[in-house]
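Scroll down for the structure; my scribbles are underneath it.
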4 protein chains.
Amino acid sequence: MRVGCAAGDGDEEMLNGFTAPRSLLGAAALVPSPPWHFAGDVLAVEFWNDPDVSVDALPAGVELDKESPGRSVALFTDYQFTAQNNEYLDPARYQCRSFSVLLDAIWRGTRIAWCAYCYVDNDAALMRGWIQGYPRKLGTIHQTRTFATASVASAPLVNGARFSACMSAHGRLLVQARVTLREKAERLAGLLDRRIVGRRYFPRLCAGMHDKPAVDELVRCISNHLLITNIWVGESEINFPEAYGEELELLGPLKVGRGYRFSFSHSVTDVEVLADLTVQQSRG
Amino acid sequence: MRVGCAAGDGDEEMLNGFTAPRSLLGAAALVPSPPWHFAGDVLAVEFWNDPDVSVDALPAGVELDKESPGRSVALFTDYQFTAQNNEYLDPARYQCRSFSVLLDAIWRGTRIAWCAYCYVDNDAALMRGWIQGYPRKLGTIHQTRTFATASVASAPLVNGARFSACMSAHGRLLVQARVTLREKAERLAGLLDRRIVGRRYFPRLCAGMHDKPAVDELVRCISNHLLITNIWVGESEINFPEAYGEELELLGPLKVGRGYRFSFSHSVTDVEVLADLTVQQSRG
Amino acid sequence: MRVGCAAGDGDEEMLNGFTAPRSLLGAAALVPSPPWHFAGDVLAVEFWNDPDVSVDALPAGVELDKESPGRSVALFTDYQFTAQNNEYLDPARYQCRSFSVLLDAIWRGTRIAWCAYCYVDNDAALMRGWIQGYPRKLGTIHQTRTFATASVASAPLVNGARFSACMSAHGRLLVQARVTLREKAERLAGLLDRRIVGRRYFPRLCAGMHDKPAVDELVRCISNHLLITNIWVGESEINFPEAYGEELELLGPLKVGRGYRFSFSHSVTDVEVLADLTVQQSRG
Amino acid sequence: MRVGCAAGDGDEEMLNGFTAPRSLLGAAALVPSPPWHFAGDVLAVEFWNDPDVSVDALPAGVELDKESPGRSVALFTDYQFTAQNNEYLDPARYQCRSFSVLLDAIWRGTRIAWCAYCYVDNDAALMRGWIQGYPRKLGTIHQTRTFATASVASAPLVNGARFSACMSAHGRLLVQARVTLREKAERLAGLLDRRIVGRRYFPRLCAGMHDKPAVDELVRCISNHLLITNIWVGESEINFPEAYGEELELLGPLKVGRGYRFSFSHSVTDVEVLADLTVQQSRG
């Protein structure tokens with residue numbers, strides 16, 4: 001049996017895992033270590049909200065993009081995740097559906113997509129998002145899927161095909177969207193052409209320091225090996241019903257633009273810290 | 001305001017809906033009226049259980065198939081449903097995942113697939129199953145999906161690709177399966193080549209009649225417009241962990257055969273009553 | 001009237017269980033055999049809807065009560081269930097939350113409470129409801145609980161204490177309610193003083209018979225050993241947000257009355273068939 | 001140590017909320033600001049695991065308690081939460097069920113209860129746990145409840161009454177427990193008599209720093225206004241089935257001790273950092 005001494009006195013950490021719970025084998029960790037690989041289908045809607053309101057969704061240092069004030073994108077994603085241990089063979093734990101709102105914004109002169117809200121349907125994805133700078137909460141997300149055989153139930157990828165998506169949290173509907181496909185496209189235009197920027201934020205609970213987070217960083221996601229295919233563009237509808245305990249409706253559409261449907265894959269191993277807003281404390 | 005009189009006295013039913021709850025507009029019914037259309041992906045495993053045990057899972061009049069005693073198929077299905085009102089555009093309510101066990105059996109000399117157990121993940125599908133003769137309970141079902149872009153997370157349809165599936169109910173794991181794809185096939189051999197037969201069973205609650213169901217019928221499902229595509233065949237593994245309150249493990253595998261992965265669509269508007277086992281009662 | 005012969009001609013049924021799936025041991029059945037015992041907490045709201053609308057929620061033969069036209073009760077219930085096998089020790093499967101709307105009505109001169117809608121959060125309760133004549137669908141139901149220790153989180157049973165309840169289905173909020181306790185009462189007045197009447201309804205799927213259900217009965221629930229305690233009465237609020245695919249909002253309140261909070265227990269072994277509306281078919 | 005300049009250079013933060021997502025009104029934050037108040041019911045089981053194994057569940061600096069090597073407590077909690085905005089009136093979001101394992105341990109000579117694993121069933125509680133130092137993951141947790149009216153379904157607080165509890169995650173059963181009440185007690189003996197110590201751990205994602213967390217602190221929870229009532233003590237059973245992707249079974253029981261059932265309330269506004277294990281980085 002181990003004899004203990006104070007942390008930092010040369011005692012070696014025996015526990016493993018990228019996140020808590022740290023454990024002997026490291027298998028219990030909520031999130032496995034990067035690299036993380038993702039493959040999925042996306043339904044997306046371009047819309048414009050009120051820039052006088054959405055400007056208030058931005059942290060200090062991030063501005064709305066004056067060339068496209070209020071332009072935003074809502075993304076519904078059905079995806080499969082894997083890290084180094086064949087996580088895609090554990091679909092109960094690692095398949096995921098997500099919803100995000102990205103705002104056209106500017107960081108120090110560079111065009112970015114600010115991730116204002118993000119919802120996912122499992123705990124590993126929730127925590128992974130917090131680590132990546134996506135301010136995730138749990139939601140229940142659905143989108144119409146397309147299947148390979150011809151049927152009125154199949155939602156084929158053809159001109160006129162319709163796809164719906166919705167997201168709710170705690171039994172309240174927060175978003176509904178509809179896309180009608182019009183034409184196949186070679187490239188995604190007006191979508192995912194800006195780096196996504198978010199905020200890693202982890203509060204302190206010590207008395208008197210509740211407003212002095214232990215981590216407060218603006219970060220730019222670094223995505224590798226991005227592949228996009230089966231791109232369709234068309235018309236769209238979206239609305240954000242008002243709901244107690246949420247502020248998503250403040251970013252709701254004044255006008256709606258294109259709708260998109262496509263498949264993607266990419267990998268993540270890194271994040272770039274654009275600014276460290278943490279107010280340092282003497283610790284320990 | 002309506003003046004009432006006894007049912008059957010010429011009073012006309014104002015309520016609508018294929019099932020309860022019957023309502024003014026018929027929109028509240030748990031299950032919409034047929035025809036029902038389905039499109040989806042299937043992961044399937046062929047296995048043999050102990051015929052001395054599985055024979056006891058059959059109702060009177062249904063026998064095991066002596067040419068393939070104990071041969072069974074486990075089907076994991078991810079599907080989209082629609083009836084006449086674009087239900088596929090309401091994915092939160094009408095997308096479904098299911099798991100079934102089908103036993104090779106004989107009904108009056110004809111080869112059938114007896115549906116011993118079936119689990120689904122939403123209420124409309126649960127009730128639709130009871131109406132079709134599938135003895136459904138709620139379960140949580142997952143299978144590895146395939147996505148269009150190349151990635152270690154994509155599970156492409158290629159030789160060597162692996163797919164997992166699992167089903168749990170009330171927090172207990174009831175089935176785990178694995179399929180490794182080996183070759184593309186033109187036709188499904190040894191699968192879905194028998195008509196599925198189930199039992200419509202709806203009990204009475206009147207005192208003294210708890211064992212005299214109001215509906216007890218053996219029925220053969222009639223499926224129209226069946227299309228199958230993207231068929232892959234390979235090796236498989238499956239196991240049925242023991243769980244309190246379930247008997248699925250009694251049908252567990254002594255031997256495992258082929259694994260399958262394919263896409264399908266079909267429609268349902270009818271069922272054929274093979275035998276009415278209901279003991280009639282004077283009613284009213 | 002049954003035509004044809006019995007399945008197997010003398011073959012004896014080896015399967016057990018009150019409902020499907022019938023099985024060797026009878027342990028797999030979705031619903032265990034009665035008697036069924038219930039104990040729980042209720043939050044209830046009395047309200048009046050538009051009788052010109054709610055009259056259309058009634059089946060032929062059931063009238064609104066002219067002495068209290070449109071008077072209804074919304075019941076939120078947190079309960080524990082047990083049958084003969086200590087089901088209360090399997091809380092993952094047998095604890096339940098439910099929501100019901102009961103309308104003051106008349107059946108052949110007798111005052112009844114018509115169960116127009118009912119939602120529950122598990123599959124055993126859903127099917128048990130269909131057998132009892134409650135037109136259940138799955139919903140997610142919550143109510144503020146009361147705990148034994150003093151705390152702002154405890155919601156004690158005292159004058160001024162507030163309780164909330166809500167119900168959603170498929171991510172759409174369908175009901176929200178609030179009760180503020182005012183005084184302890186010796187007896188429930190104006191609540192549960194009418195027999196609950198519902199409709200057992202199980203459709204046929206055979207072509208041409210989709211509107212000729214196999215079971216269509218008006219039934220009166222028979223409840224034994226009803227105990228009510230810890231009764232508090234106060235003020236209430238309730239609203240039924242409109243939601244696609246639901247008609248609950250048609251029964252929404254024009255006026256709200258008393259709120260109630262109490263604990264109960266009772267048992268069920270029987271149901272009385274008031275009228276058999278089934279159109280008999282030759283079977284075969 | 002921070003290098004670089006502040007974001008926006010004097011720009012003031014307009015966003016509010018104790019956690020992400022930070023927003024204009026602060027209502028969207030996943031976790032509301034402390035103080036946090038809790039009231040609930042607990043089912044607890046005392047057990048002994050293998051100290052040669054459980055020693056490896058401890059971080060550097062924490063030792064097993066040599067006076068009670070391997071002694072642990074499993075706690076199942078049903079509770080209601082509120083902060084400053086009547087969160088207890090939003091039960092869909094803020095009621096919670098949790099499961100924790102606490103190990104008898106020593107920190108610098110002081111007896112502590114080390115929180116090795118913790119599971120909860122909602123996102124606000126999950127994140128609140130990470131902030132408090134509990135390594136939470138999502139789980140589905142149930143315990144037999146007690147109701148006020150006499151019934152075989154009520155599970156009254158009497159000698160011989162039985163209570164069950166279970167926890168599963170992602171459809172795998174991780175813990176099952178049973179307590180049989182024997183006698184009412186005035187005080188909790190052998191339970192909650194040590195301060196709970198956990199670890200706040202928030203990783204970095206920057207390349208090369210995946211093993212250098214941004215936050216790594218051993219913390220002691222500070223609980224105020226703790227009230228305990230309705231204490232019953234009896235016999236217990238517990239087991240931890242093995243499950244892929246979990247390590248809980250490594251802490252499973254060699255021997256089982258007392259079972260407990262009680263109600264509690266307490267408040268949290270603070271945490272004490274016992275040791276800051278964070279390896280500081282130049283940031284910026």
Side-chain angles (χ1 to χ4, degrees), chain A residues 1-7 11-15 18-25 27-28 30 33-34 56-57 59-61 90 92-93 117 123 126 130-132 135 137-138 170-171 199 201-203 205-207 210 214-215 218 245-247 250 269-271 273 275-278 280 283-284, chain D residues 2 7-8 11-15 18-25 27-28 30 33-34 51 55-57 59-64 90 92-93 106 108 117 123 126 131-132 135 137-138 170-171 199 201-203 205-207 210 214-215 218 245-247 250 269-271 273 275-277 283-284:
Chain A
M1 216 175 309
R2 190 165 104 201
V3 177
C5 60
D11 213 6
E12 256 181 83
E13 172 78 16
M14 304 296 291
L15 300 177
F18 181 61
T19 66
R22 303 263 294 171
S23 61
L24 183 60
L25 307 176
L30 181 47
S33 297
D56 291 331
D90 189 0
R93 197 180 254 131
Y117 291 106
D123 55 352
L126 186 138
W130 279 58
I131 294 166
Q132 291 184 268
K137 303 204 280 187
L138 283 188
H170 303 292
R199 188 176 190 173
Y201 193 95
F202 193 74
L205 181 57
C206 294
H210 296 171
V215 178
L218 298 187
E246 306 284 345
E247 295 177 51
L250 296 176
T269 55
D270 195 3
V271 76
V273 179
D276 186 342
L277 313 175
T278 314
Q280 292 301 321
R283 306 190 186 198
Chain D
R2 184 159 136 213
D11 218 2
E12 256 182 83
E13 173 79 16
M14 303 295 291
L15 300 177
F18 181 61
T19 66
R22 304 262 295 170
S23 62
L24 183 61
L25 307 176
L30 181 47
S33 297
V55 67
D56 291 330
V62 176
E63 314 161 61
L64 283 188
D90 188 0
R93 197 180 256 129
I106 299 288
R108 295 190 178 169
Y117 291 106
D123 54 352
L126 185 139
I131 295 165
Q132 290 184 268
K137 304 203 280 188
L138 282 188
H170 303 290
R199 187 176 192 174
Y201 193 93
F202 193 74
L205 181 57
C206 294
H210 297 171
V215 178
L218 297 187
E246 306 284 346
E247 295 177 50
L250 295 177
T269 56
D270 195 5
V271 76
V273 179
D276 187 342
L277 312 176
R283 304 192 187 196

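Bear in mind the structure is a predicted one, so any value in this text is a computation, not a measurement. Reminder, nothing fancy here: chain letters follow the sequence lines and each chain counts from 1.
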* N/O donor-acceptor pair under 3.5 Å between Glu247(A) side chain and Ser23(D) backbone -> no

* To do: State whether the side chain of Asp123(A) and the backbone N or O of Lys137(D) hold a donor-acceptor pair below 3.5 Å, judged by distance alone.
  => no

* Asked: Can you find a heavy atom in the side chain of His210(A) that is under 4.5 Å from one in the side chain of Pro34(D)?
  -> yes

* **Glu246(D) with Arg93(A): basic N within carboxylate O range, under 4.0 Å** => yes

* Asked: Non-hydrogen atoms of chain A under 4.5 Å away: do they reach the side chain of Leu205(D), the backbone, both or neither?
  -> both

* Under 4.5 Å heavy-atom distance to chain D, tell me which part of Leu126(A) shows up: side chain, backbone, both or neither. => side chain

* Would you please name every residue forming a salt bridge (charged side-chain N to carboxylate O under 4.0 Å, His left out) with Arg199(D), sequence neighbours left out? => Glu13(A), Asp216(D)

* Using non-hydrogen atoms only, which part of Phe18(A) is less than 4.5 Å away from chain D: side chain, backbone, both, or neither? -> both

* **Interface residue of largest heavy-atom contact number with chain A, from Ala92(D), Gly245(D), Ala57(D), Gly171(D), under 4.5 Å** => Gly245(D)

* For Asp270(A), enumerate each residue passing the side-chain contact (heavy atoms from CB on, under 4.5 Å) test, keeping only those at least two apart in sequence or located in another chain. => Ile222(A), Cys206(D), Ala207(D)

* Side-chain heavy-atom pair Asp56(A), Leu15(D) within 4.5 angstrom cut-off -> no

* To do: Please flag which part of Leu30(D) lies under 4.5 Å from any non-hydrogen atom of chain A: side chain, backbone, both or neither.
  => both

* Asked: What heavy-atom pair brings Pro203(A) and Thr19(D) nearest, and what distance separates the two atoms?
  -> CG-CG2, 3.8 Å

* What heavy-atom pair brings Val215(D) and Phe202(A) nearest, and what distance separates the two atoms? -> CG2-CD2, 4.0 Å

